[in-house]
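Residue numbers run from 1 in the order of the sequence given.
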Amino acid sequence: MITARLDVDTLARNQFGVFDRVGNAITISDEDRRRVLLLSEQEWSAWAQVRDGGPVPAQPGLPVMLRRLGAATHRLTRIAERTMAI
C-alpha cells in the first residue's frame, strides 16, 4: 500500500513538473498557473513547494489535481505549439 502511494506521488510530481516546464516555455506567470489549475493561493503555495522537492499536497485530492494538470498542460502545449509556429 505504501508503494502504491509513493507511485501516485511520483506521478503527481512528474505531471506537475511537465506543467511547470510548459509554463516556463511560454513564460506564463505563477499567478496565471495558479488560476489555470483553479487553486487557492494557499493550495498553489503548497504545490509550488513540490518544485523544490517538497511533499505532494493532500489538497486538492490527487485524482482532481491530476485531471487539472493534464487538461492545463494540454491547453498550454497547444498555445506553445501555435506560438512556435509563428
Considering all heavy atoms of both residues, which atom of [X] and which atom of [Y] are nearest to each other, and what is their separation?
X	Y	value
Gly23	Arg33	C-NH2, 3.2 Å
Ala72	Val36	CB-CG1, 3.2 Å
Ile26	Ala80	CG2-CB, 3.4 Å

request  = Check Gln42, Glu41, Glu43 against Leu39 for a side chain to side chain contact (heavy atoms under 4.5 Å, CB included) and give me the one that passes.
outcome  = Glu43

message = Tell me which one of Thr73, Leu11, Val50 satisfies side chain to side chain contact (heavy atoms under 4.5 Å, CB included) with Phe16.
response = Val50

ask   = Are any non-hydrogen side-chain atoms of Trp47 and Pro60 less than 4.5 angstrom apart?
value = yes

ask   = Considering only heavy atoms from C-beta outward, does the side chain of Leu62 approach that of Asp9 to under 4.5 Å?
value = yes

ask   = What do you reckon, is CZ of Arg78 surrounded by more than 12 foreign heavy atoms closer than 6.0 Å?
value = no

task = Please collect all salt bridge (charged side-chain N to carboxylate O under 4.0 Å, His left out) contacts where either partner lies in residues 48-65, sequence neighbours excluded, each pair once.
result = Asp20-Arg51, Asp30-Arg51

inquiry  = Hydrophobic clusters here meaning ILVMFWY residues chained together by side-chain heavy-atom distances under 4.5 Å, can you tell me if Leu66 and Val64 are in one?
reply    = no

inquiry  = Can you list everything that forms a side-chain contact (heavy atoms from CB on, under 4.5 Å) with Leu38? Sequence neighbours excluded, please.
reply    = Arg68

query = Excluding sequence neighbours, so at least two apart, what forms side-chain contact (heavy atoms from CB on, under 4.5 Å) with Ser29?
reply = Glu31, Asp32

